There are 2 protein chains.
Amino acid sequence: MALADRGGVDELSMRKLARDLGYEVMSLYNHVANKDDVLAGIADLVAAEIEPPEAAPARRGKAAWRAGIRHTVLSAHAAMDRHPWAVALWPSVTSGPHRLRFMEGLLRSLRAAGLPPKVAYHGYHALMMHILGFALLEQRTGLNDDNVVEAASQFLARFEGEEFPHLIEHMHQHVDASPHEDDFEFVLDVILDGLDRLRPQPA
Amino acid sequence: MALADRGGVDELSMRKLARDLGYEVMSLYNHVANKDDVLAGIADLVAAEIEPPEAAPARRGKAAWRAGIRHTVLSAHAAMDRHPWAVALWPSVTSGPHRLRFMEGLLRSLRAAGLPPKVAYHGYHALMMHILGFALLEQRTGLNDDNVVEAASQFLARFEGEEFPHLIEHMHQHVDASPHEDDFEFVLDVILDGLDRLRPQPA
DNA sequence: ACCTGAACACCGTTCAAGT
DNA sequence: ACCTGAACACCGTTCAAGT
């Protein structure tokens with residue numbers, strides 16, 4: 001995991017891992033079936049960092065139903081932020097115990113919020129997609145604002161500025177945007193608002 | 001692209017591509033800078049298949065504002081379905097002209113729908129995430145229903161069925177679900193409903 | 001039970017040599 | 001302008017040999 005955090009998942013080869021640990025390559029295979037096994041392992045370490053919905057501070061009022069959901073989703077987002085390589089691994093790797101616990105917790109919080117089974121089913125997908133998709137987009141644009149603006153303007157220049165007015169406006173919005181966290185939460189609340197429409201009002 | 005469609009992106013090595021074309025490996029480098037260039041190229045071919053919002057049939061009534069958005073988003077989803085390998089490539093590859101045109105079209109349709117700039121900005125992200133995230137999830141579960149149910153139940157059995165009641169229910173919902181297309185559209189409309197809340201009513 | 005080295009079948013890419 | 005072959009620096013993994 002430290003290796004992947006340093007140089008991305010490309011830096012994590014069996015040979016480099018072995019060297020890092022002070023052994024020869026083939027010694028690893030006494031403790032691990034293959035490379036996929038290693039990747040599944042570190043992906044589950046990321047899942048272990050995600051806090052469950054129950055860890056949310058208690059809330060009152062209209063937004064109470066979504067406190068737990070928001071907490072675990074934001075925690076998942078933060079974990080992906082700390083370990084960007086985990087996003088690409090997520091779908092391609094078999095789920096470990098911590099990930100299963102996270103999935104269970106998110107589903108539990110959706111039902112606890114009063115959503116009917118079908119809405120919870122789809123809501124789970126919507127939230128998972130938001131977590132993964134947003135992390136994917138963040139990787140692309142990069143966290144460094146200077147990079148974004150330079151790369152964007154440079155690239156757009158190649159395609160005659162006139163042809164993509166909306167795209168240029170969008171890039172400007174990216175540059176002018178305050179901390180990225182806002183973007184994630186804004187869309188999260190769009191999704192939660194959409195789900196709220198499908199939530200039967202409690203007595 | 002044909003090579004990637006056949007065996008996934010792993011099947012697409014420079015050496016295999018050259019053999020497929022009847023040349024030696026190094027001949028490719030006369031026409032292409034490197035492998036990333038090839039990947040960017042085929043990713044943009046996928047983008048070229050996405051229909052613009054203007055291709056939507058005209059609609060009347062309450063849902064008229066979202067017709068163009070829905071059309072291009074569903075078309076993008078279909079393209080990802082036809083070329084699953086494109087999902088992983090999307091964020092890691094530089095955007096080509098067709099992709100820029102698609103982005104521009106989606107942004108244009110959001111503004112045309114009457115969404116204010118800030119809502120269009122976030123709505124664009126929400127929809128892109130939905131397209132990418134959903135395709136990612138579909139890859140994981142696989143399109144074959146038999147595979148889903150078998151893999152799911154087999155895996156859950158390893159972790160004592162009692163510990164994950166909601167996860168088990170979710171798996172059952174996956175198995176009982178009708179065609180997958182429904183799931184995508186359901187969540188899409190959740191997002192669009194959320195955006196609708198932020199849309200000033202037209203005169 | 002764990003470690004090791006040689007070997008195999010692959011990669012992407014550089015570089016000098018051909019036509 | 002385009003093609004080619006040898007070579008380099010890498011991969012993950014098998015297998016036989018060590019302790």
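In what follows, chains are A, B, ... by sequence order, proteins preceding strands, each numbered from 1. Worth saying up front: this structure is predicted, and the values here are computed from it rather than measured.
Heavy atoms only, all atoms of each residue included: Leu110(B) and Gly123(B) are closest at CD1-C, 4.1 Å. Looking at every heavy atom in both residues, Leu198(A) comes nearest to Pro200(A) through O-CD, 3.6 Å. The heavy-atom pair separating Ala43(B) from Trp90(B) by the smallest distance is O-CZ3, 3.8 Å. Phe184(A) and Ile131(A) make their closest contact through CE1-CA, 4.2 Å (heavy atoms, listed as atom of the first residue, atom of the second, distance).
Residue His31(A) places at least one side-chain N or O closer than 4.0 Å to OP1 or OP2 of dC3(C).
Here His170(A) pairs with His174(A), Tyr121(B), Tyr124(B), His125(B) under the ring-ring contact (aromatic ring centres under 6.0 Å, His included) rule; sequence neighbours left out. Applying the salt bridge (Lys or Arg N to Asp or Glu O under 4.0 Å) criterion to Glu49(A), with sequence neighbours excluded, gives Arg82(A).
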Checklist entry - What string of B, S and - do you get for nucleotides 12-19 of chain C 5' to 3' if you count protein non-hydrogen atoms under 4.0 Å? => result BBBB----

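Between the CD atom of Glu24(B) and the C1' atom of dC2(D) there is a distance of 14 Å, given to the nearest Å. For Arg19(B) and dG5(D), the CZ to P distance is 15 Å, given to the nearest whole Å. Rounded to whole angstrom, the span from the CG atom of Leu28(B) across to the P atom of dC3(D) amounts to 9 Å.
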Can you list, pair by pair, the side-chain donor-acceptor contacts under 3.5 Å of residues 64-73 of chain B, counting residues two or more places apart and other chains?
{"from": "Arg66(B)", "atom 1": "NH1", "to": "Asp189(B)", "atom 2": "OD1", "distance (Å)": "3.0"}
{"from": "Arg66(B)", "atom 1": "NH2", "to": "Asp193(B)", "atom 2": "OD1", "distance (Å)": "2.8"}
{"from": "Arg70(B)", "atom 1": "NE", "to": "Asp189(B)", "atom 2": "OD1", "distance (Å)": "3.2"}
{"from": "Arg70(B)", "atom 1": "NH2", "to": "Glu185(B)", "atom 2": "OE1", "distance (Å)": "3.0"}
{"from": "Arg70(B)", "atom 1": "NH2", "to": "Asp189(B)", "atom 2": "OD2", "distance (Å)": "2.9"}
{"from": "His71(B)", "atom 1": "NE2", "to": "Glu51(B)", "atom 2": "OE1", "distance (Å)": "2.8"}
{"from": "Thr72(B)", "atom 1": "OG1", "to": "Glu51(B)", "atom 2": "O", "distance (Å)": "2.7"}

Please output the side-chain donor-acceptor pairs of residues 10-22 of chain B that fall under 3.5 Å, not counting sequence neighbours, one pair per line with the distance.
{"from": "Glu11(B)", "atom 1": "OE2", "to": "Lys16(B)", "atom 2": "NZ", "distance (Å)": "3.2"}
{"from": "Ser13(B)", "atom 1": "OG", "to": "Lys16(B)", "atom 2": "N", "distance (Å)": "3.0"}

Item to check | Structure string for DNA chain C in dot-bracket form, Watson-Crick and G-U at under 3.5 Å, | interchain | outcome: ||.|||||...|||||.||

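Atom P of dA9(D) sits at a distance of 22 Å from the matching atom of dA9(C), rounded to the whole Å.
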